[in-house]
K.L.:
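One structure follows; several queries about it will come next.
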Protein chains: 2
Amino acid sequence: MLSKKTQYAFHALTYLAENVEKGPVLISEISQERKISLKFLENILLELKKAGVLGSKKGKGGGYYLIKPPEEVKLAKVIRMLDGPIALLPCVSLNYYERCENCDEAVCGLNRVMAEVRDNTLKVLENKTLADVLRNKE
Amino acid sequence: MLSKKTQYAFHALTYLAENVEKGPVLISEISQERKISLKFLENILLELKKAGVLGSKKGKGGGYYLIKPPEEVKLAKVIRMLDGPIALLPCVSLNYYERCENCDEAVCGLNRVMAEVRDNTLKVLENKTLADVLRNKE
DNA sequence: GCAAAAGTCTACTAAAATGGTAGGGAATAT
DNA sequence: ATATTCCCTACCATTTTAGTAGACTTTTGC
């Protein structure tokens with residue numbers, strides 16, 4: 001399961017994508033519209049900014065905004081930024097690989113099945129973007 | 001990621017499947033062969049027994065054994081037993097569904113994408129069994 | 001029937017992750 | 001200058017994770 005943090009991040013990102021024309025959007029607005037704790041959301045948006053997904057502006061008329069068009073924000077990237085690995089086993093993770101301590105990977109069947117699961121999952125998450133999430137709305 | 005518990009469960013189950021001819025296998029043997037803490041493994045095997053996957057025998061010559069042929073033990077079932085939901089969002093889980101509190105599911109695009117991820121994941125996990133994990137070894 | 005061999009059960013624990021909250025600081029617009 | 005808004009550090013309670021301890025029960029085989 002995705003953590004609340006990542007779930008909230010997705011809700012916030014889609015809200016921003018749906019309101020690009022507004023320019024910078026207040027944290028408090030997102031917080032109210034999507035029913036997310038304000039202070040928790042602050043942390044999340046800041047993290048997304050540091051990761052290069054969002055930009056921000058301070059002072060009156062400020063807020064957060066998408067720094068890239070929604071078509072360029074892959075879902076897999078967002079998940080990895082906040083939750084870490086997408087694979088079910090460390091020894092099968094592309095971005096957070098760790099050697100397996102319980103078996104020899106060369107002859108481990110579990111390894112191969114879980115790599116298949118990973119590939120099937122990534123087939124979706126690496127190709128779908130924020131824009132796809134929006135398009136599905138209609 | 002799968003918890004250590006579930007990872008260990010898979011290692012133990014495949015060990016048992018590879019050694020069906022032995023009859024009951026000692027916890028301590030599995031623990032040593034697969035380098036899993038003995039006491040932790042005890043809990044895990046007991047849980048698998050209560051869930052109907054394993055049988056056991058006490059006293060000399062006792063141990064744990066698979067209660068069904070490896071072809072009938074779906075990977076998805078093992079994961080759900082020990083780790084719970086496989087889906088990435090509660091509002092998209094087949095076995096542990098919970099309503100989403102942040103949006104209206106009927107118009108939520110995230111929902112649909114995550115359902116697609118779930119289906120792609122389950123395509124593997126619902127069809128592969130312990131036996132498939134073994135067959136991949138050759 | 002007794003001892004050894006095994007699994008069973010209850011309870012405990014330390015460490016980490018999760019899901020927040022508090023409050024002041026820094027930058028910006030007017 | 002001041003109000004607005006994001007930025008930052010620190011803290012906190014609860015739950016989950018990964019394990020450990022130790023006594024208890026069942027079974028086997030002599």
Side-chain angles (χ1 to χ4, degrees), chain A residues 1-12 16 22-32 34-51 53-67 79 81-85 88-90 96 98 101-102, chain B residues 1-12 16 22-32 34-51 53-67 79 81-85 88-90 96 98 101-102:
Chain A
M1 292 271 256
L2 298 179
S3 65
K4 284 283 180 188
K5 195 174 186 176
T6 302
Q7 294 182 38
Y8 291 159
F10 276 124
H11 285 296
L16 287 175
K22 280 193 183 175
V25 177
L26 295 182
I27 307 179
S28 56
E29 179 179 337
I30 305 174
S31 156
Q32 279 169 28
R34 291 295 158 98
K35 293 174 200 145
I36 303 170
S37 143
L38 177 65
K39 293 301 271 178
F40 195 24
L41 186 57
E42 274 187 17
N43 298 336
I44 296 169
L45 295 181
L46 197 52
E47 220 171 317
L48 289 171
K49 183 194 173 178
K50 286 178 181 163
V53 176
L54 295 181
S56 68
K57 216 185 144 196
K58 287 180 180 177
K60 187 161 194 177
Y64 277 100
Y65 50 89
L66 287 170
I67 217 165
I79 295 180
M81 274 171 13
L82 300 175
D83 265 8
L88 293 181
L89 296 179
Y96 300 82
E98 279 176 54
E101 285 157 8
N102 302 99
Chain B
M1 292 270 260
L2 299 178
S3 65
K4 284 282 180 189
K5 194 173 183 177
T6 302
Q7 294 181 40
Y8 291 159
F10 276 124
H11 285 297
L16 287 174
K22 280 194 183 174
V25 177
L26 294 183
I27 307 181
S28 56
E29 179 180 336
I30 305 175
S31 157
Q32 279 169 28
R34 292 293 159 97
K35 294 174 200 145
I36 302 169
S37 144
L38 176 65
K39 293 301 271 179
F40 195 23
L41 186 57
E42 275 186 16
N43 298 335
I44 297 169
L45 295 181
L46 196 52
E47 220 171 319
L48 289 172
K49 182 192 174 182
K50 286 178 180 163
V53 176
L54 294 180
S56 67
K57 216 186 145 196
K58 287 181 177 176
K60 186 161 194 179
Y64 277 101
Y65 50 89
L66 287 170
I67 217 164
I79 295 179
M81 273 170 14
L82 300 174
D83 266 6
L88 294 181
L89 296 179
Y96 300 83
E98 280 175 51
E101 285 157 7
N102 302 99

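Below, chains carry the letters A, B, ... as their sequence lines are ordered, and counting in each starts from 1. Because the structure is predicted, anything quoted here is derived from the model rather than measured.
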K.L.:
Charged N to carboxylate O under 4.0 angstrom, A:Glu47 versus A:Lys50?
P.N.:
no
K.L.:
Could you run through DNA chain D and flag its stems, i.e. three or more consecutive Watson-Crick or G-U pairs with both distances under 3.5 Å?
P.N.:
C:1-30 with D:1-30
K.L.:
Starting at CG of B:Leu45 and ending at P of D:dG19, how long is that distance when rounded to a whole Å?
P.N.:
14 Å
K.L.:
So, for A:Leu89 and B:Met1, which heavy atoms are closest and what is the spacing to 0.1 Å?
P.N.:
C-SD, 3.9 Å
K.L.:
What is the distance, rounded to the nearest whole Å, between atom CD of B:Glu47 and atom P of D:dT16?
P.N.:
14 Å
K.L.:
Hey, does A:Leu45 have a side-chain heavy atom less than 4.5 Å from the side chain of A:Ile30?
P.N.:
yes
K.L.:
Rounded to whole angstroms, how far apart are NZ on B:Lys35 and P on D:dG19?
P.N.:
15 Å
K.L.:
Answer yes or no: are there more than 12 heavy-atom neighbours, outside B:Glu29 itself, under 6.0 Å from its atom CD?
P.N.:
yes
K.L.:
Where do A:Phe10 and A:Leu2 land on the side chain to side chain contact (heavy atoms under 4.5 Å, CB included) test, with the steps shown first?
P.N.:
CA-CA 10 Å; A:Phe10 276 124; A:Leu2 298 179; 4.1 Å; yes
K.L.:
Could you tell me whether the side chain of B:Ser31 and the main chain of B:Ile36 form a donor-acceptor pair under 3.5 Å?
P.N.:
yes
K.L.:
Just the rounded figure in Å: distance from C1' of D:dT17 to CG of B:Leu2.
P.N.:
14 Å
K.L.:
Output the rounded distance in Å from CG (B:Asp83) to C1' (C:dA17).
P.N.:
15 Å
K.L.:
Check the distance between D:dT5's P and A:Glu29's CD and give it to me in whole angstrom.
P.N.:
11 Å
K.L.:
With sugar-phosphate meaning primed atoms plus P, OP1 and OP2, does B:Leu26 contact a base, only sugar-phosphate, or nothing at under 4.0 Å between heavy atoms?
P.N.:
sugar-phosphate
K.L.:
Nearest whole angstrom, please: distance from the C1' of D:dC8 to the NZ of A:Lys49.
P.N.:
12 Å
K.L.:
Expressed as a whole number of angstroms, how long is the span from A:Leu54:CG to D:dC6:P?
P.N.:
12 Å
K.L.:
Please encode protein proximity along nucleotides 20-30 of chain C as a string of B, S and -, counting only heavy-atom distances under 4.0 Å.
P.N.:
BBBB---SBS-
